[in-house]
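Written below as structure tokens is the structure these notes are about.
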Amino acid sequence: MRTVQRMGWSGFVNGKLLAAAAGEFDVLLTGDRNMQYQQSSSQLPMSVLVLIAPNHKLESFLPLVGRLLSTLATLQKPRNIELEAEE
């Protein structure tokens, strides 16, 4: 797993970020609910998984880990998927 910061993509806006990630990865994990709607991610050769939690603190995403791993294990073609933390 690599972060946007580690890849040197911190200043990239959504379209440029999606294009850069598509050239490097099969899946992009994001907490940005709007990314898949603002950009044409459905045309990319990778999946975009949006992790929806009450906030962007790590502990808020932890309940999603099991569903995330299950989803990643069954992905067969690029898709846009939202995984929401149960309250």
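Nothing here was measured: the structure is a model prediction, and the numbers come from that model.
Under the 4.5 Å side-chain heavy-atom criterion for grouping Ile, Leu, Val, Met, Phe, Trp and Tyr, Leu83 is not connected to Leu62 through any hydrophobic cluster.
Under the side-chain contact (heavy atoms from CB on, under 4.5 Å) criterion, Ala20 pairs with Trp9, Phe12, sequence neighbours left out. With sequence neighbours excluded, the residues that form a side-chain contact (heavy atoms from CB on, under 4.5 Å) with Arg2 are Met7, Phe25.
Considering only heavy atoms from C-beta on, Thr30 stays 4.5 Å or farther from Leu49 through its side chain.
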Before giving the answer on side-chain contact (heavy atoms from CB on, under 4.5 Å), spell out for Val48 and Val27 the whole-Å C-alpha distance, their side-chain angles and the decisive distance to 0.1 Å. CA-CA 6 Å; Val48 176; Val27 177; over 6 Å; no

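Sorted by first and then second residue, the pairs that involve residues 53-62 and meet side chain to side chain donor-acceptor pair (under 3.5 Å), not counting sequence neighbours, are Asn55-Ser60.
When all heavy atoms are compared, the tightest approach of Leu28 to Met46 is CB-CE, 3.9 Å. Here the shortest heavy-atom pairing between Ala22 and Leu44 reads CB-CD2, 4.0 Å. Residue Ala53 comes nearest to Arg33 through the heavy atom pair O-NH2, 4.4 Å, listed as atom of the first residue, atom of the second, then distance.
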Side-chain donor-acceptor pairs under 3.5 Å in residues 63-74, sequence neighbours left out?
residue, atom, partner, partner atom, Å
Arg67, NH1, Glu84, O, 2.7
Thr71, OG1, Arg67, O, 2.8
Thr74, OG1, Ser70, O, 3.2
Thr74, OG1, Thr71, O, 3.2

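For the atom pair CG of Asp32 and CD1 of Ile52, the computed distance is 10.5 Å after rounding to the nearest 0.5 Å.
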